[in-house]
Amino acid sequence: MSPLVPGPWRMPAETEPHARSWMAFPTGGYTLGDDAASAEEARAAWASVAHAVAEFEPVTMVVDPSAREDARRHLSETIEVVEAPLDDSWIRDSGPSFVVPAAGSSAAGPGAADSAVGGSDAAGLGAVDWIFNGWGAQAWASWQHDREVGRFVADQAGARILPSLLVNEGGAIHVDGRGTVLVTETVQLDQGRNPYADKARVEAELARTIGATHVVWLPRGLTRDYEEFGTRGHVDMVAAMPSPGVVLLHSQNDPAHPDHLVSSALRSLLKESQDATGRPFEVVDLPAPTELRDETGWVDHSYVNHFVVNGGVIACGFGDPAADSRAASILASVYPGRRVVTVDARPIFARGGGIHCITQQEPALSL
């Protein structure tokens with residue numbers, strides 16, 4: 001296979017400085033649930049994450065006009081609110097993936113309009129507008145409004161829009177900012193997303209849009225992610241790169257859980273893999289909490305689904321003091337100098353995702 005030739009844009013690592021974080025407030029659908037108590041639980045959970053992030057950096061919350069009053073009740077004045085129609089509230093997936101000019105590129109210069117449309121110069125801020133189709137056209141999903149969220153957020157940020165014909169979500173990619181990207185075969189090659197794509201086509205598009213020069217293909221994600229309300233294998237539930245050459249891996253240590261075999265297989269694959277520089281990965285296990293099942297089946301509780309912010313890490317908590325503390329300690333060790341804040345993520349996971357799934361970073365630009 002020919003070497004990947006990166007485009008003029010680079011997706012920064014999540015650990016690089018942020019200008020702000022974006023979120024979307026819960027509105028309608030299964031996220032709010034079937035009764036008032038469930039709806040309030042969802043709103044409170046999203047608000048808790050927003051306020052935790054706001055301790056470190058600005059937060060802008062996209063709010064559907066129908067949820068205006070609910071948002072005002074739950075969000076402090078520290079959270080900026082902008083209104084746009086929404087179907088759901090997983091902005092990591094419906095929103096854009098922000099990029100910046102690669103070193104030595106002219107992405108922000110006179111020729112930039114040739115490869116990007118819309119938005120302003122914004123000193124080089126770009127936003128990849130993936131096609132969003134409800135995680136592979138899931139029967140329960142709706143995306144009439146959410147397919148427009150990427151462009152809306154990009155416009156609000158003043159970013160140049162980079163259109164893509166790839167059906168993809170932000171939770172389906174994880175980058176180290178140096179050319180390496182982790183993906184899963186069951187997402188980008190999903191017949192409900194990209195029925196005519198193969199690995200070469202996906203890799204070429206990731207090179208063009210986010211500057212990936214080395215794609216690490218994981219075979220799958222966690223077990224629950226293949227059930228009715230799953231994404232079919234998002235990588236941000238199973239693996240993350242806290243720094244170049246290092247992979248945090250969700251580790252299910254209980255043989256009774258099907259993810260015990262999943263994490264074991266992924267560990268073996270990653271230990272034989274390398275990053276874009278040819279450096280072998282150091283794999284750091286991030287053990288799962290002790291709960292194995294809930295009322296609907298095997299849980300996918302994962303500390304890997306954390307969110308890195310300026311000077312901090314917003315970690316998932318699962319009401320398991322020993323496991324939560326252990327995870328916070330591991331996160332503090334791989335993100336030195338950052339304060340780890342744990343937020344109860346159980347209401348978010350019960351609705352199909354985690355803290356990383358409901359947040360999206362906008363990188364700060366070096367001026």
Side-chain ion pair, [X] and [Y], N-O less than 4.0 Å:
X	Y	answer
R346	E291	no
E148	R151	no
D259	R224	no

Are [Y] and [X] connected into the same hydrophobic cluster when the rule is that any two of I, L, V, M, F, W, Y join if their side-chain heavy atoms are below 4.5 Å apart?
X	Y	answer
L266	V215	no
L218	V187	no
W298	V238	no
F349	W46	no

Can you tell which of [options] makes a side-chain contact (heavy atoms from CB on, under 4.5 Å) with [X]?
X	options	answer
F281	V246, L249, T180	T180
F98	V128, V153, I210	V153
Q361	R20, E14, E16	E14

Would you check, one step at a time, whether the test side chain to side chain contact (heavy atoms under 4.5 Å, CB included) holds for W135 with F229?
CA-CA 9 Å; W135 303 278; F229 295 110; over 6 Å; no
Please find the pair of heavy atoms, one from [X] and one from [Y], that lie closest to each other, and give the distance.
X	Y	value
G124	P101	O-CD, 3.0 Å
A127	P96	CB-CB, 3.8 Å
N133	G192	ND2-O, 2.9 Å
R160	L162	O-CD1, 3.5 Å
T184	G221	CG2-N, 4.4 Å
A212	V181	CB-CG1, 3.6 Å

Are [X] and [Y] linked by a side-chain donor-acceptor pair shorter than 3.5 Å?
X	Y	value
T277	D275	yes
E203	W217	yes
Q188	N168	yes
W22	E362	yes
R351	S38	yes
W130	S97	yes

Without swapping roles, check the side chain of [X] against the backbone of [Y] for a donor-acceptor pair under 3.5 Å.
X	Y	value
D146	G134	no
D285	P287	no
S333	I330	yes
T186	R232	yes
N305	I355	yes
H356	F307	no
D129	G150	no
S48	A44	yes
D320	A323	yes
D87	H145	yes

Taking side chain to side chain donor-acceptor pair (under 3.5 Å) as the criterion, tell me which of Q360, Q156, E80 meets it with T60.
E80
For side chain to side chain contact (heavy atoms under 4.5 Å, CB included), just list the numbers for E169 and W90, CA-CA rounded to whole Å, side-chain angles, deciding distance to a tenth of an Å, and then say yes or no.
CA-CA 10 Å; E169 302 95 34; W90 309 96; over 6 Å; no
May I have the step-by-step check of side-chain hydrogen bond (donor to acceptor under 3.5 Å, both in side chains) for D300 and S302, ending in yes or no?
CA-CA 6 Å; D300 57 354; S302 171; over 6 Å; no
Please work out whether the ring planes of Y303 and F318 are parallel, tilted or perpendicular, with thresholds of 30° and 60°.
perpendicular
Partner set under side chain to side chain donor-acceptor pair (under 3.5 Å) for E40, not counting sequence neighbours
R43, R73, H74
Give the C-alpha distance, both sets of side-chain angles, the deciding distance and a yes or no for side chain to side chain contact (heavy atoms under 4.5 Å, CB included) between T290 and D254.
CA-CA 8 Å; T290 55; D254 194 318; over 6 Å; no
Residue pairs fulfilling side chain to side chain donor-acceptor pair (under 3.5 Å) with at least one residue in residues 334-343, sequence neighbours excluded
E55-R339, H306-Y335
Show your reasoning for whether side chain to side chain contact (heavy atoms under 4.5 Å, CB included) applies to I358 and M23.
CA-CA 6 Å; I358 66 172; M23 296 182 64; 3.8 Å; yes
Counting neighbours of CG on D34 that are heavy atoms of other residues, nucleotides or ligands and sit closer than 6.0 Å, is the number greater than 12?
no
